[in-house]
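Here is how names work: the chains are called A, B, and so on, in the same order as the sequence lines, proteins then strands, and each is numbered from 1. Since the structure is predicted, the reported quantities are computational estimates derived from the model, not experimental observations.
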There are 2 protein chains.
Amino acid sequence: MARKKSETETSTETAETTRRAPMRDFSRSLPMSLLRAREAVMRQFRPSLRNHGLTEQQWRILRALTTVDAIEVTELARVAFLLGPSLSRILRDLEARQLIERRTAKADLRRAVVSISAKGLKLIEAVAPTSEAIYAEITSRYGARKLAELQDMLGVLERSLVAMEVAGEEGGEIEE
Amino acid sequence: MARKKSETETSTETAETTRRAPMRDFSRSLPMSLLRAREAVMRQFRPSLRNHGLTEQQWRILRALTTVDAIEVTELARVAFLLGPSLSRILRDLEARQLIERRTAKADLRRAVVSISAKGLKLIEAVAPTSEAIYAEITSRYGARKLAELQDMLGVLERSLVAMEVAGEEGGEIEE
DNA sequence: CGATTTCACTTAACATGTTAATCATCTCCC
DNA sequence: GGGAGATGATTAACATGTTAAGTGAAATCG
């Protein structure tokens, strides 16, 4: 079905009639909804970050570092929601740009402790006003109450999915 | 502030007390909430896709192709929510694996038209049951009603952000 | 102790995200 | 109809996502 070549049309747009309707189910899936929403949000921030020579992830790391004195790499990965390998690379670059400082823990030579540098702090302070203005604009447009509600629902979703993972492993997957 | 070395502690976990509280604001931002929620969802699907040799994006493309007879590359990018360069690479690989077919439009030699192959369809049919089971499980755990509401809210957010972009450009950024 | 295992982090390898540049075609307008 | 500009698609270059493997140090247990 849906094979008709649309003879009543001007023909430069073949299949224009064929594709409109049946795609809905797919593009309305939960992963796609989340992806598009997040992309729409980040599209607001990226230009400003880019003007300051920062990627989204680099910003996340520096932003997280401003809230602590110092932090171990693994914990930083958890907080900034980055995988170890990504974090490793980014920290190498940020250190080369002298935006962060890294030292090894005295008690455990495996662990590295990271903190933001003065230069890094200055950069953050340069970006923050724009970022906060954008965030405020988003909040105002969407509604502060609704935004809080949305984030609550996202949190609940996240937790129910974590519970789902646990339930799927309780048999004993020790098959290495 | 918050510089005390925690002399009352066993000292292997320096800064353990320093970092718990002050991180909240950051990790509760809207982009982080969306990112974590989406990751929690995708974590459910990735293993199954991986078992069938598909990445998330390859699956999105094939899944989109099942809903149309054929589709132009640009339109496919829009529907599968991928940027052109990513799509280009993935289509090259999927074509090499004979999961899709590609031909050039007769009316406009710039345009390429893509469709799923029999082999691709078979693959989709092999993956779909597991995917749908997972989706059903998510729906059941989170609640169908709440899920629909969440997706509505995400859609509203997306649209209000698009409106925001337009508003930010209406002065005339003709500065090349 | 000392071998084995675990742990923190890094590298490696490949796939995708992101922006800019390139290439071929197509449109439009004179 | 021919040249300037627009358009569809790809390629290039760099950053990150993702999984597996590697490396060195610490914990564990015999």
(request) For C:dG17, take OP1 and OP2 only and decide whether either is under 4.0 Å from a side-chain N or O of A:Q57. (result) no
(message) Side chain of A:R89 only, heavy atoms from C-beta on: which candidate in D:dT18, D:dA15, C:dA15 is closest?
(response) D:dT18
(request) For the side chain of B:L109, starting at C-beta, report the closest nucleotide among C:dT25, C:dT16, D:dT18. (result) C:dT25
(message) Between C1' on C:dG17 and CZ on A:R50, what's the gap in Å once rounded to a whole number?
(response) 13 Å
(request) Quickly work out the A:L94 CG to D:dT16 P distance and round it to whole Å. (result) 8 Å
(message) I want to confirm an ordering. Mapping A:P85 and B:L83 to their closest nucleotides on DNA chain C, which one lands closer to the 5' end?
(response) A:P85
(request) State which residues pass side-chain contact (heavy atoms from CB on, under 4.5 Å) with A:R159; sequence neighbours excluded, sorted by chain then number. (result) A:V156
(message) Which is more 5' along DNA chain C, the nucleotide nearest A:R46 or the one nearest A:L87? Just name the residue.
(response) A:L87
(message) Classify A:S86 by what it touches in the nucleic acid, base, sugar-phosphate, or nothing, heavy-atom distance under 4.0 Å.
(response) base
(request) Starting from C1' on C:dA8, measure out to CD on A:E75 and report it in whole angstrom. (result) 13 Å
(message) Minimum heavy-atom separation for A:L54 and A:Q58, please, with both atom names.
(response) CA-OE1, 3.4 Å
Polar atom pairs between nucleotides 4-8 of chain D and protein, under 3.5 Å, N or O only, would you list them?
{"from": "D:dT7", "atom 1": "O2", "to": "B:R110", "atom 2": "NH1", "distance (Å)": "2.8"}

(message) Rounding to an integer number of Å, can you tell me how far B:L82 CG sits from D:dA9 C1'?
(response) 15 Å
(request) Round to the nearest Å and state the distance from B:E95 atom CD to D:dA9 atom P. (result) 14 Å
(message) If the test is salt bridge (Lys or Arg N to Asp or Glu O under 4.0 Å), which one of A:R28, A:R36, A:R43 qualifies with B:E158?
(response) A:R36
(message) If you compare every side-chain N and O of A:T55 against the phosphate oxygens of C:dT18 (OP1, OP2), does one of them come in below 4.0 Å?
(response) no
(message) What I want to find out is whether A:K122 reaches A:E125 closely enough, with some N-O distance under 4.0 Å, to be called a salt bridge.
(response) no
(request) Grab the CG-P distance between B:L49 and C:dT16 for me, whole Å please. (result) 12 Å
(message) Please give me the minimum heavy-atom distance between B:W59 and B:I124, naming the atom from each residue.
(response) CZ3-CD1, 3.6 Å
(request) Whole angstrom is fine here: how far is it from CZ in B:R60 over to P in C:dG17? (result) 6 Å
(message) How many whole angstroms separate atom CH2 of A:W59 from atom P of C:dG17?
(response) 24 Å
Name every donor-acceptor pair, under 3.5 Å, that has one atom in a side chain of residues 126-135 of chain B and the other anywhere in the protein, sequence neighbours excluded.
{"from": "B:Y135", "atom 1": "OH", "to": "A:L30", "atom 2": "N", "distance (Å)": "3.0"}

(request) Between D:dG17, D:dA15, C:dT16, spot the one nearest the side chain of A:Q58, thanks. (result) D:dA15
(request) Indicate, with a heavy-atom threshold strictly under 4.0 Å, whether A:R43 touches base, sugar-phosphate, or nothing. (result) nothing
(message) Do the side chains of A:K119 and A:E101 get close enough for a salt bridge, i.e. N-O under 4.0 angstrom?
(response) no
